[in-house]
Amino acid sequence: MKNRFSVWAIVLVSVCFIAFRCLHFQNGSRNGYNAATWDAFGYYMYLPSVFIYHDVKELKWVSGIDSTYQVTGGVFYQAIPLESGTYTNKYLLGVSILQMPYFLIGHYLAGLYDEPQDGFSSPYQYALIFGAICWAVIGFVFIRKVLLRFFEDRVAAFTIILIGLCSNLIQYVSVDAVQSHVYIFTLYALVLWFTIRWHEAPQYPYAILIGLTCGLATICRPTELIIIFIPLLWNMHSPGARKAKKELLTRYRMQVLACI
């Protein structure tokens, strides 16, 4: 199989993520079954607010959930009280958008197995945790595609293993899985790939995907607005390249507008 080492590197990293997660379950950590706590609760709060409690402003459901699952960390800092008596969430909703498919799977499983459909029982936690692993794998698939454009397969494989197992990514995939980090990792991988593809063959789908991905990253965490420098500065390494980039942007200005 062509480029087989990098494929097996993704398999190895994925197996380690799952094994580390299962080991964390066995250790009896409170995060084993209650990952949506503290900051993670702020990112996740939109989904139960909208789909279960139909209350995104007054958040009357939070106190009951907190008494059962201890989601706030002791102080409800995830939302800011307003003069009107309602609340506004400190966190933007990008992470919730990316978590939504797994939340819905957890909601279905909770009903199927007669667990509380409250957004925080174990089916939701398992769905969110293993959903994060799925997002990480997607990220590595695209990281591999990018690496193989510039390096040989063995280098790509070694790089994937280093990123997956020798950085703090494994913590945010296998333990703090409901935080924003794993989702942002994958969004950066996607932007790299879409940027490369657009510069090779400018087309509306790639332009729109660049814009959507940059927008999602920014509403995951506003500081991730820096992601826009990847498509903006791509192929700007020399005066000649900068001139060609300017001509490219001018020629395909409607696609640039679609991206924006």
Side-chain angles (χ1 to χ4, degrees), residues 9-10 12-25 27 29-47 71-73 77-78 89-103 105-106 120 124-147 159-195 210 212-230:
I10 294 176
L12 172 64
V13 168
S14 302
V15 170
C16 289
F17 285 160
I18 295 170
F20 194 54
R21 178 69 252 180
C22 292
L23 180 64
H24 197 64
F25 282 143
N27 286 340
S29 168
R30 66 190 292 270
N31 284 331
Y33 297 97
N34 193 13
T37 60
W38 296 78
D39 286 358
F41 173 60
Y43 289 116
Y44 173 67
M45 191 163 52
Y46 291 99
L47 293 171
V71 293
T72 64
Y77 68 89
Q78 292 85 355
N89 196 329
K90 282 177 59 176
Y91 303 83
L92 299 182
L93 75 163
V95 174
S96 284
I97 291 172
L98 298 173
Q99 290 171 338
M100 190 186 306
Y102 302 100
F103 166 83
I105 290 170
F120 295 87
Y124 297 93
Q125 303 300 324
Y126 282 117
L128 290 170
I129 287 166
F130 287 104
I133 294 175
C134 291
W135 274 111
V137 172
I138 293 170
F140 277 111
V141 168
F142 281 90
I143 286 290
R144 173 181 175 270
K145 291 164 76 73
V146 171
L147 288 169
T159 304
I160 288 166
I161 292 170
L162 285 178
I163 294 172
L165 303 183
C166 302
S167 74
N168 61 354
L169 181 64
I170 191 170
Q171 170 76 16
Y172 288 109
V173 175
S174 298
V175 180
D176 296 319
V178 188
Q179 297 278 11
S180 62
H181 302 71
V182 64
Y183 304 98
I184 291 170
F185 163 76
T186 298
L187 291 173
Y188 271 89
L190 290 171
V191 164
L192 279 168
W193 178 247
F194 296 147
T195 296
I210 290 170
L212 286 173
T213 310
C214 289
L216 269 174
T218 304
I219 62 172
C220 283
R221 285 194 313 196
T223 52
E224 302 308 327
L225 181 62
I226 62 171
I227 198 173
I228 67 173
F229 288 112
I230 293 175

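- Around CZ of Phe229, the count of heavy atoms belonging to other residues, nucleotides or ligands within 6.0 Å does not exceed 12.
- Take Arg221 and apply the salt bridge (charged side-chain N to carboxylate O under 4.0 Å, His left out) test, not counting sequence neighbours, and it matches Glu224.
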Let me see the working for Tyr44 and Phe120 under ring-ring contact (aromatic ring centres under 6.0 Å, His included), right down to the final yes or no. CA-CA 10 Å; Tyr44 173 67; Phe120 295 87; 5.4 Å; yes
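- In summary, the side chains of Gln179 and Asp39 do not present any donor paired with an acceptor at a separation below 3.5 Å, with no hydrogens or angles considered.
- To the nearest 0.5 Å, atoms CD1 (Ile230) and OG1 (Thr213) are separated by 10.5 Å.
- Between Asn89 and Gly42, the shortest heavy-atom contact is ND2-O, 3.1 Å.
- Taking each heavy atom of Gly139 and Ala189 in turn, the nearest pair found is O-CB, 3.5 Å.
- Closest approach of Val182 and Ala132 over heavy atoms only: CG2-O, 3.5 Å.
- Residues Phe41 and Thr72 form a side-chain contact, since some pair of their non-hydrogen atoms from C-beta on lies under 4.5 Å apart.
- Atom CG in Leu187 sits 10.5 Å away from atom CD1 in Ile138 (nearest 0.5 Å).
- The side chain to side chain donor-acceptor pair (under 3.5 Å) contacts involving residues 159-170 comprise nothing, where partners must be two or more places apart or lie in separate chains.
- Judged as a ring-ring contact (aromatic ring centres under 6.0 Å, His included), and not counting sequence neighbours, Tyr188 has no contacts.
- Proximity of His181 to Leu169: side-chain heavy atoms (C-beta onward) are nowhere separated by under 4.5 Å.
- Residues Met45 and Tyr91 have side chains not in contact (no heavy-atom distance under 4.5 Å, counting atoms from C-beta outward).
- The two residues Val13 and Ile161 have their closest heavy-atom pair at CG2-CA, 4.0 Å.
- At least one side-chain heavy atom of Val175 sits under 4.5 Å from a side-chain heavy atom of Phe20.
- Taking every heavy atom of both residues into account, Ala40 and Ala35 meet most closely at CB-O, 3.6 Å.
- Taken to the nearest 0.5 Å, the SG atom of Cys214 stands 11.0 Å off from the CD1 atom of Ile226.
- Among all heavy-atom pairs drawn from Phe130 and Ile18, the shortest one is CE2-CG2, 4.5 Å.
- Close placement of the Phe140 and Phe185 rings is indicated, their centers lying within 6.0 Å of each other.
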